[in-house]
Enquirer: 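Just passing along the structure, written as structure tokens.
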Amino acid sequence: MKKDRIIIIDGNSLINRAFYALPPLMTKEGHHTNAIYGFITMLFKVIEEYQPQYIGVAFDKKAPTFRHKEFKEYKAGRKKMPPELGEQMEPLKEVLDALRIYRIEIEGFEADDLIGTLAKYCEAKGFESLIVTGDKDALQLASQDTKILITKKGISNLEIYDDKKVLEDFEVTPLQFIDLKGLMGDKSDNIPGVPGVGEKTAVKLIKEFGSVENLIQNTQQISAAKLREKIEDNREQAILSKRLATIVTNVPVAMEIEELKVEEFDRDRLLELFKKYEFNSLINKIIGNEKRENQGEGKEQEQNANLCIVTISHKEAFEEMMKEIKKEKTMVLKSITEEKNIVKNKVIGLAIAVGEKNQYYIDFSDYKDENELIGLVKKLLEDDTIEKVSHDIKKELLHFYPYGIEIKNIVFDTMIGEYLIDPSKSSYSIKELAVQYLGENLLDEEDLRGTGKNKLEIEAIPREKLQTYLCQQVRIINKLTKTLDEKIKELQLLELYYEIELPLAEVLASMEFKGIQVDKHMLEDLKIEFKEKIDNLTEEIYRLAESTFNINSPKQLGEILFDKLQLPPIKKTKTGYSTNVEVLEKLYDKHDIIPKILEYRQVTKIKTTYIDGLLNIMNPITGRIHSNFNQTVTTTGRISSTEPNLQNIPIKLELGRQLRKVFGAQQDYQLIDADYSQIELRVLAHISEDKNLLESFVKDQDVHTRTASEIFQVPMEEVTSAMRSSAKAVNFGIVYGISDFGLAENLNISRYKAKQYIESYLEKYASVQKYMEETVKIAKEKGYVLTLLNRRRYLPEITSRNFNIRSFGERVAMNTPIQGSAADIIKIAMVKVYKRLKEGNFQANLILQVHDELIVECPNYELETVSTIVKECMEQAMDLKVPLKVDLAYGPTWYDAK
DNA sequence: GAATTCTGCAA
DNA sequence: TATTGCAGAATTC
């Protein structure tokens with residue numbers, strides 16, 4: 001018969017391990033959770049792996065133990081538990097209670113003693129015991145039936161020890177482990193041992209004499225005189241140390257072993273706690289397990305349980321569905337396409353939810369007459385009387401543009417909704433939403449396609465799987481719409497959501513679809529030109545270094561510069577020497593190789609990131625670049641751009657700026673470039689109502705010159721360019737949430753001087769100071785900050801007891817309302833421009849946004865009108881206490897339009 | 001192959 | 001130890 005198995009966990013040891021092994025995790029409300037998370041992950045892992053019949057977690061009690069009574073310095077000098085960990089103890093116990101796992105705690109005894117007693121008891125009963133701990137002390141308990149699982153590096157690796165393994169690894173028996181400690185002592189518990197005896201000597205002695213007692217009775221046999229003396233002088237201390245290190249195995253415990261029997265956990269309570277601590281992956285795991293258990297007949301059927309799908313494959317069925325939709329007036333849609341090309345993607349499947357119960361699914365390859373189908377879908381999606389809801393509607397728009405279909409009457413997007421509710425999340429998938437709001441576990445793309453080399457092409461996914469996947473999604477979206485809408489209302493985000501973000505999705509879709517023209521020939525010529533430059537520089541650098549190496553590798557470059565050439569290392573990174581521009585510039589005159597490396601860096605950056613990058617991603621059909629504009633990435637409300645990032649095309653240095661010549665308007669068109677002048681400082685003037693700052697903008701002064709004049713106390717005419725550029729840095733600093741350290745770094749001046757600059761700024765701009773203090777205060781009280789349109793960002797960092805984290809929170813509190821309000825403003829402008837151009841049937845198109853700048857591709861004959869419209873929409877976007885100013889220019893290329 | 005680090009580009 | 005992003009190359013796991 002198989003033995004019963006018990007797992008005994010050293011709670012204190014394990015939670016400590018988990019705490020230090022994991023990066024800090026925090027909930028929205030600012031509770032630290034990393035130790036709980038790590039502990040539970042580890043717990044689940046051992047339970048899964050060893051399937052115990054019994055389980056218990058032992059904790060230390062605060063009360064002093066017999067060891068303290070015997071030796072009052074016991075555990076003295078031990079560092080107090082950091083509060084970030086301390087606050088996690090009680091929550092962990094709550095979770096264990098929800099798991100219905102027995103907690104073993106007895107006053108006057110340490111967890112070790114309870115574990116030892118329990119293990120010996122179980123051994124006698126014929127159980128197999130597994131002790132999980134991060135502490136080697138427990139190894140003294142190892143035997144054939146009592147095994148010790150010790151955490152190795154991190155938390156996921158456990159090493160298993162029985163008596164044999166202990167002997168193998170440490171050359172002593174488990175019980176002799178105690179003797180070792182008697183001699184070596186233990187710093188962390190403040191057990192003295194014999195001074196001067198370390199691990200090596202202790203092992204040697206115990207191997208020879210067998211035990212501490214035998215050793216001190218036979219000291220005359222120790223040949224080394226010094227060692228003998230040490231042992232003889234510390235006899236009592238060795239004995240005492242051994243006793244302190246001995247785990248007690250006969251604690252009087254009034255406990256029934258049956259209490260430790262594994263039980264069904266309290267599901268609802270557990271999910272509630274996991275939700276509170278935002279352990280979404282654990283929620284997933286539990287729900288996933290339940291699904292698997294209930295399954296029996298395969299995953300598909302289970303996943304289908306909540307679905308009621310009607311498949312549409314002919315006209316009559318489609319029209320039947322259409323009737324149903326018209327009755328309901330609202331539909332949720334989600335489609336999937338072959339991954340080919342943005343301008344000719346082919347839709348494979350379309351799922352539609354109508355009301356709570358019904359899902360329809362159209363498999364495009366099942367439908368006989370494709371033209372007929374497209375016609376019907378067009379009629380449906382363009383029907384202005386039917387409201388459309390989706391998750392990531394921009395994607396849906398793009399899926400249907402190639403068919404000449406424009407989805408009309410879009411009323412909700414759950415992805416954007418959740419983004420406004422909390423913009424700090426790392427992902428906004430339907431799966432996440434389902435877990436968070438409904439506790440449901442869905443298929444995701446990974447389940448569908450697999451990962452790595454086994455990843456399937458979308459075309460290769462079995463049809464039924466695709467159908468289930470999409471129908472699940474529309475069902476969930478439908479369920480979530482109301483909840484999210486209410487939340488949006490509650491947070492006073494209605495205007496931002498319905499007037500700005502939702503219409504913006506369509507603007508972004510159109511920008512992506514349109515793309516921007518690039519000059520392929522020019523790029524190819526540049527590629528050759530830059531390759532030659534790089535080859536020459538490489539050769540030159542190798543010559544100067546007198547060896548070949550990978551110049552791109554900071555590690556190898558560091559070795560050449562700082563070891564071989566003996567240049568002074570200015571700065572270090574986590575892994576070695578820093579070789580960044582600042583460092584290299586300080587070394588500029590120290591060696592001829594440095595200027596070459598700087599040039600090499602500049603040239604390779606342009607070639608690899610921009611020239612090669614752009615050529616790789618050019619659309620072969622349109623000859624244009626269709627960047628992806630993401631609406632739910634930034635925490636402040638800005639838009640981000642990827643594949644490629646068109647928001648960081650070089651401009652500061654002429655060499656890089658030349659690249660802008662490859663971005664052009666098509667024949668007989670111009671690029672109009674319109675950018676806000678000082679939008680962030682204008683926002684700051686508006687929010688803070690600072691007299692000086694307001695006046696600066698109302699009078700349309702050069703704001704940096706004005707700032708210089710204030711800080712340095714000279715008339716504006718006497719401001720030198722050096723003063724102006726310092727003032728400019730201060731203005732930047734103000735927007736970012738200033739610190740003297742940061743300003744000093746940026747201006748390359750002393751921290752003291754930077755502090756003076758800041759102080760004189762805040763003195764002159766007193767209301768700015770007041771605003772900064774106020775916003776930090778509000779952030780601390782409420783836990784979030786708001787933009788002009790109530791866009792919200794939570795700041796759990798701001799109450800941290802860690803100075804760095806808290807300071808970060810404070811800077812973010814100051815910066816987000818400014819950066820975020822500027823983002824609100826340009827988004828309004830984008831929606832307005834798009835609308836005006838569309839309604840006026842202009843041929844011009846908005847094609848790019850770069851945070852404070854809009855780019856429109858415009859036919860020559862519309863130039864004047866469109867320029868006026870763009871300028872007007874931008875300047876009138878919001879009514880502030882200062883005017884919004886827009887600089888506008890146009891030309892055949894982006895280079896010329898700036 | 002995925003994740004992380006360093007570097008550097010923009011507003 | 002200044003805000004928000006994205007990407008390429010090297011390196012590590």
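Proteins get letters first, then strands, A, B, ... in listed order; numbering begins at 1 in each. Just so you know, these numbers use all the heavy atoms, side chains as well, and skip hydrogens, waters and symmetry mates. The structure presented is a predicted model; accordingly, all values stated were derived computationally and were not measured.
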Enquirer: Ring centres of A:Tyr757 and A:Phe712 under 6.0 Å apart?
Expert: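 Centroid distance A:Tyr757-A:Phe712: below 6.0 Å, so yes.
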
Enquirer: Can A:Asn630 and A:Ser640 be counted as having a side-chain donor-acceptor contact under 3.5 angstrom?
Expert: no

Enquirer: C:dC6 phosphate, OP1 or OP2: any side-chain N/O from A:Ser641 under 4.0 angstrom?
Expert: no

Enquirer: What is the distance, rounded to the nearest whole Å, between atom CD1 of A:Ile611 and atom P of C:dA9?
Expert: 13 Å

Enquirer: Could you tell me how the ring of A:His704 sits relative to the ring of A:Phe732: parallel (under 30°), tilted (30 to 60°) or perpendicular (over 60°)?
Expert: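 Ring orientation of A:His704 relative to A:Phe732: parallel.
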
Enquirer: Between C1' on B:dC9 and NE2 on A:His851, what's the gap in Å once rounded to a whole number?
Expert: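 In whole Å, B:dC9 C1' and A:His851 NE2 are 11 Å from each other.
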
Enquirer: Considering only C:dA10, C:dA2, C:dT3, which nucleotide approaches the side chain of A:Val812 most closely?
Expert: C:dT3

Enquirer: What's the closest nucleotide to the A:Val850 side chain, out of B:dA11, B:dT7, C:dT4?
Expert: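 Per side-chain heavy atoms of A:Val850, the pick is B:dA11.
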
Enquirer: Which part of the nucleic acid, if any, lies within reach of A:Ile649 when heavy atoms closer than 4.0 Å are counted: base, sugar-phosphate only, or nothing?
Expert: sugar-phosphate

Enquirer: Report the nucleotide, chosen from C:dT4, B:dC9, B:dA10, that has the shortest atom-to-atom distance to any side-chain atom of A:Gln819.
Expert: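 Nucleotide nearest to A:Gln819's side chain: C:dT4.
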
Enquirer: May I ask you to verify if any side-chain N or O of A:Arg811 is less than 4.0 angstrom from the OP1 or OP2 atom of C:dT3?
Expert: yes

Enquirer: Tell me whether the side-chain N/O atoms of A:Arg793 come closer than 4.0 Å to OP1 or OP2 in C:dT4.
Expert: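 Yes.
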
Enquirer: Could you tell me the separation between the CE atom of A:Met874 and the P atom of B:dA11, rounded to a whole number of Å?
Expert: 14 Å

Enquirer: Side chain of A:Phe741, heavy atoms from C-beta onward: which of B:dC9, C:dA9, C:dT1 has the nearest atom to it?
Expert: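 The closest nucleotide is C:dT1.
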
Enquirer: Go through A:Lys394 and A:Asn628 one step at a time and tell me if the side-chain contact (heavy atoms from CB on, under 4.5 Å) criterion holds.
Expert: CA-CA 10 Å; A:Lys394 186 188 81 181; A:Asn628 184 29; 3.1 Å; yes

Enquirer: Looking at C:dG5, C:dT3, B:dT5, which one has an atom nearest to any side-chain atom of A:Tyr736?
Expert: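 The closest nucleotide is C:dT3.
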
Enquirer: Heavy-atom nearest nucleotide on DNA chain C for A:Asn616 versus A:Asn815: which residue maps closer to 5'?
Expert: A:Asn815

Enquirer: Does A:Ser640 have a side-chain nitrogen or oxygen under 4.0 Å from the phosphate oxygens OP1 or OP2 of C:dT4?
Expert: no

Enquirer: Quick one: CD on A:Glu559 to OG1 on A:Thr579, what's the gap to the nearest 0.5 Å?
Expert: 11.5 Å

Enquirer: Please report the distance, rounded to the nearest Å, between CG in A:Leu646 and C1' in C:dG5.
Expert: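 After rounding, the reported distance stands at 13 Å.
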
Enquirer: Please confirm whether the shortest side-chain N or O distance from A:Arg601 to OP1 or OP2 of B:dG8 is below 4.0 Å.
Expert: yes

Enquirer: Starting the side chain at C-beta, find the nucleotide from C:dT1, C:dA9, C:dT4 nearest to A:Asn804.
Expert: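 Selected nucleotide: C:dT1.
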
Enquirer: Side chains of A:Thr707 and A:Asn731: donor-acceptor distance under 3.5 Å anywhere?
Expert: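 There is such a pair between these side chains.
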
Enquirer: NZ of A:Lys607 versus C1' of B:dT7: gap in Å, rounded?
Expert: 18 Å

Enquirer: Any donor-acceptor pair under 3.5 Å linking the side-chain atoms of A:Asn552 with those of A:Tyr600?
Expert: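 Checked: A:Tyr600/A:Asn552 side chains pair up, N/O donor to acceptor below 3.5 Å.
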
Enquirer: Rounded to the Å, how far apart are A:Ile606 CD1 and B:dG8 C1'?
Expert: 11 Å

Enquirer: Round to the nearest Å and state the distance from A:Asn648 atom CG to C:dT4 atom P.
Expert: 17 Å

Enquirer: Kindly say if A:Thr609 contacts the phosphate of C:dC6, meaning a side-chain N or O under 4.0 Å from OP1 or OP2.
Expert: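 For C:dC6, OP1/OP2 do not have a side-chain N/O of A:Thr609 under 4.0 Å.
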
Enquirer: Check every strand shown and say whether A:Ala813 touches a base, only sugar-phosphate, or nothing at a heavy-atom separation below 4.0 Å.
Expert: nothing

Enquirer: Looking for any heavy atom pair under 4.0 Å, which part of the strands does A:Gly737 touch: base, sugar-phosphate only, or nothing?
Expert: nothing

Enquirer: Over how many whole Å does the gap from A:Gln602 atom CD to B:dC9 atom P extend?
Expert: 7 Å

Enquirer: Look at the side chain of A:Ser739 and decide which nucleotide, out of B:dC6, C:dA2, C:dT4, has an atom nearest to it.
Expert: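 The nucleotide sitting nearest to the side chain is C:dA2.
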
Enquirer: Select base, sugar-phosphate, or nothing to describe what A:Glu680 touches, counting heavy atoms under 4.0 Å on all strands.
Expert: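 Nothing, no nucleic acid heavy atom in range.
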
Enquirer: When rounded to the nearest Å, what value does the distance between P atoms of C:dT1 and B:dT5 take?
Expert: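 Here C:dT1 and B:dT5 have their P atoms 14 Å from each other.
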
Enquirer: Does a side-chain N or O from A:Gln556 land closer than 4.0 Å to OP1 or OP2 of C:dT11, or not?
Expert: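 Checking C:dT11 against A:Gln556, a side-chain N or O does come within under 4.0 Å of OP1 or OP2.
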
Enquirer: A:Asn746 side chain: which of B:dC9, C:dT4, C:dA2 is closest?
Expert: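 That would be C:dA2.
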
Enquirer: Select base, sugar-phosphate, or nothing to describe what A:Phe808 touches, counting heavy atoms under 4.0 Å on all strands.
Expert: sugar-phosphate

Enquirer: Out of C:dA2, B:dA11, B:dC6, which has the shortest distance to the side chain of A:Thr575?
Expert: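 Looking only at heavy atoms from C-beta outward on A:Thr575, the closest nucleotide is B:dC6.
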
Enquirer: Can you tell me which nucleotide in C:dA2, B:dC9, C:dT4 comes closest to the side chain of A:Lys605?
Expert: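 That would be B:dC9.
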
Enquirer: Just checking A:Asn550: base, sugar-phosphate only, or nothing, at a heavy-atom cut-off of under 4.0 Å?
Expert: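 Sugar-phosphate only.
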
Enquirer: Classify the nucleic acid contact of A:Leu743 as base, sugar-phosphate or nothing, counting any heavy atom under 4.0 Å across all strands shown.
Expert: base

Enquirer: Below 4.0 angstrom from OP1 or OP2 of C:dT1, is there any side-chain N or O of A:Ser807?
Expert: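 So the side chain of A:Ser807 is outside the cut-off, no N or O lying under 4.0 Å from OP1 or OP2 of C:dT1.
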
Enquirer: Which is true for A:Thr604 with a 4.0 Å heavy-atom rule: it touches a base, it touches only sugar-phosphate, or it touches nothing?
Expert: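 Nothing, no heavy atom under 4.0 Å.
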
Enquirer: Do A:Tyr771 and A:Asp690 meet the criterion of a side-chain donor-acceptor pair at a distance under 3.5 Å?
Expert: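 Side chains of A:Tyr771 and A:Asp690: no pair found under 3.5 Å.
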
